[in-house]
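Note that the structure is a prediction, hence the values are computed from the model and not measured. For this chain, numbers begin at 1 and follow the sequence in order.
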Amino acid sequence: MTRIWYSLYGRMLNRRALGQAFWKVKSAKGSAGIDGQSVKDFAESLDSNLNSLLAELQDKSYHPLAVRRVEIPKANGGVRLLGIPAVRDRVVQQALLDILQPIFDPGFHPSSYGYRPGRSCHQAITKATMFIRQYGRKWVVDMDLSKCFDTLDHNLILSSLTKRIKDGSILELVRNFLKSGVLTDDGWQASEVGSPQGGVISPLLANIYLDAFDQFMKERGHRIVRYADDILILCSSKSAC
């Protein structure tokens, strides 16, 4: 039976949890958000900053800032759009991730390897190799989802979360992160779709979103290997592909 969680927000109201979240954000490094505050700046007034976040979370006045748009050139000539949250928002996202990941990760498809604790791209390669060599799945459908993070449907993300989470405050927090907007050279833009690549919580939300596909393929008896938005469907014949 799938466990349903009704009361989780209280875990966010924990000074120690926010502190642990900060040190994880610090170890991941990363640049400043739209407020210009670096991780080093945040650390210099750590107690004050964490106490401020805790107070805002307690009285429900916390609202994330818009993310800072950064364009990274891709090898194929295009650009990858990153959205960099402010450090304070990365801390809250990390605390939220620490709550949600243990709930959702154990139920993910066993052949999903991207952005999961204790899993790597090397393990994904090993799994695909096993399917080919031991199971004779030598025909492969190779899929790469275009602009995956940028096109995630907010309603589908939230409906997927609601299947396990009934705590309205947690769901509203996720919604606020999704709707926080983007600051570009042309000014503030609404974020009606997508979860910024660069957000701490985004990889988990993408895995929750795509797990519906993974489980559907499992029900159909297909062998798959997924690493984030790269998907292999391994078949025994060309016609099956």
Side-chain angles (χ1 to χ4, degrees), residues 5-70 72 82-105 115-118 149 157-158 161 164-184 187-191 194-208:
W5 299 80
Y6 291 92
S7 182
L8 292 171
Y9 191 73
R11 299 187 190 181
M12 295 291 300
L13 311 179
N14 184 303
R15 176 63 170 69
R16 182 179 179 185
L18 290 174
Q20 291 174 337
F22 167 74
W23 292 112
K24 291 180 182 179
V25 169
K26 185 176 185 295
S27 67
K29 300 180 180 179
S31 57
I34 65 169
D35 59 354
Q37 186 180 50
S38 67
V39 173
K40 182 180 179 182
D41 295 335
F42 192 95
E44 288 177 352
S45 302
L46 184 60
D47 286 341
S48 174
N49 286 325
L50 292 180
N51 288 337
S52 177
L53 279 179
L54 179 59
E56 291 178 31
L57 289 167
Q58 286 174 333
D59 64 18
K60 303 289 183 70
S61 64
Y62 170 80
H63 291 286
L65 299 173
V67 299
R68 180 169 64 89
R69 169 67 75 229
V70 176
I72 305 296
L82 299 184
I84 309 300
V87 174
R88 69 193 308 273
D89 295 330
R90 299 208 293 271
V91 171
V92 177
Q93 285 192 28
Q94 182 64 58
L96 181 60
L97 178 67
D98 290 342
I99 294 170
L100 295 182
Q101 193 151 44
I103 293 173
F104 285 94
D105 191 85
Y115 305 123
R116 297 184 63 186
F149 282 89
I157 291 173
L158 292 168
L161 285 170
R164 302 291 307 277
I165 307 297
K166 302 301 182 183
D167 186 324
S169 296
I170 290 290
L171 296 172
E172 185 63 20
L173 193 56
V174 174
R175 188 194 311 275
N176 287 339
F177 282 125
L178 293 172
K179 302 293 186 184
S180 63
V182 180
L183 190 65
T184 71
W188 184 86
Q189 294 180 1
S191 48
S195 186
Q197 191 167 356
V200 176
I201 198 73
S202 295
L204 176 64
L205 296 181
N207 272 333
I208 291 172

The reported gap from CG in Leu97 to CZ in Arg90 (rounded to nearest 0.5 angstrom) is 14.0 Å

Close side-chain approach of Ile103 and Leu8, heavy atoms under 4.5 Å: yes

Side-chain donor/acceptor of Ser202 to backbone N/O of Pro196, under 3.5 Å: yes

Where does the angle between the aromatic ring planes of Phe149 and Tyr115 fall among parallel (under 30°), tilted (30 to 60°) and perpendicular (over 60°)? perpendicular

Taking Gly168's backbone N and O only, do any of them form a donor-acceptor pair with Tyr9's side chain (distance below 3.5 Å, no angle check)? no

Is a side-chain donor or acceptor of Ser180 paired with a backbone partner of Ala66 at a separation under 3.5 angstrom? no

Measure from the side-chain N and O atoms of Ser195 to the backbone N and O of Leu178, and report whether any donor-acceptor pair falls under 3.5 Å. no

What pair of heavy atoms forms the shortest contact from Gly199 to Pro203, and how long is it? O-CD, 3.3 Å

Heavy-atom closest contact (Leu173 atom, Met12 atom, distance): CD2-CE, 3.8 Å

Is there a side-chain contact between Phe177 and Leu96 in this structure, where contact means two heavy atoms from C-beta onward sitting under 4.5 Å apart? yes

Starting from the C-alpha separation in whole Å, work towards a yes-or-no answer on salt bridge (Lys or Arg N to Asp or Glu O under 4.0 Å) for Asp35 and Arg88. CA-CA 10 Å; Asp35 59 354; Arg88 69 193 308 273; 5.7 Å; no

How long is the straight-line distance from CG of Asp89 back to CD1 of Ile84, given to the nearest 0.5 Å? 12.0 Å

Quick check for you: to the nearest 0.5 Å, what is the distance between Gln58 atom CD and Leu53 atom CG? 11.0 Å

Check: Ser38/Asp41 side-chain N/O donor and acceptor closer than 3.5 Å: yes

Looking at Phe42, does the NZ or CZ of Lys26 lie under 6.0 angstrom from its six-membered ring centre and within 45 degrees of the ring axis? no

Could you give me the CA-CA distance, side-chain angles and deciding distance for Ile165 and Phe104, then say whether side chain to side chain contact (heavy atoms under 4.5 Å, CB included) is met? CA-CA 10 Å; Ile165 307 297; Phe104 285 94; 4.0 Å; yes

As an exercise, state the distance from CG of Leu50 to CZ of Arg16, rounded to the nearest 0.5 Å. 14.0 Å

Starting at CD1 of Ile157, measure out to CD1 of Ile201 and round the result to the nearest 0.5 Å. 10.5 Å

Any side-chain donor near an acceptor of the partner, Gln94 and Asp98, under 3.5 Å: yes

Work out which heavy atom in Val87 is nearest to a heavy atom in Val39; give both atom names and the distance. CG2-N, 3.8 Å

After noting the C-alpha distance and the side-chain angles of Leu46 and Trp23, does the key distance pass the side chain to side chain contact (heavy atoms under 4.5 Å, CB included) rule? CA-CA 10 Å; Leu46 184 60; Trp23 292 112; 4.0 Å; yes

For the atom pair CG (Leu161) and CD1 (Ile170), what is the distance rounded to the nearest 0.5 Å? 10.0 Å

Using a 4.5 Å cut-off on heavy atoms from C-beta on, say whether the side chain of Val92 contacts that of Pro64. no

Heavy-atom closest contact (Ala21 atom, Val91 atom, distance): CB-O, 3.4 Å

Shortest non-hydrogen contact between Ser31 and Arg68, atoms and distance: OG-NH2, 2.8 Å

Scanning both residues in full, the closest heavy-atom pair of Asp47 with Arg15 reads OD1-NH2, 2.7 Å

Would you confirm whether Asn49, through its side chain, and Ser45, through its main-chain N or O, come within 3.5 Å as a donor-acceptor pair? yes

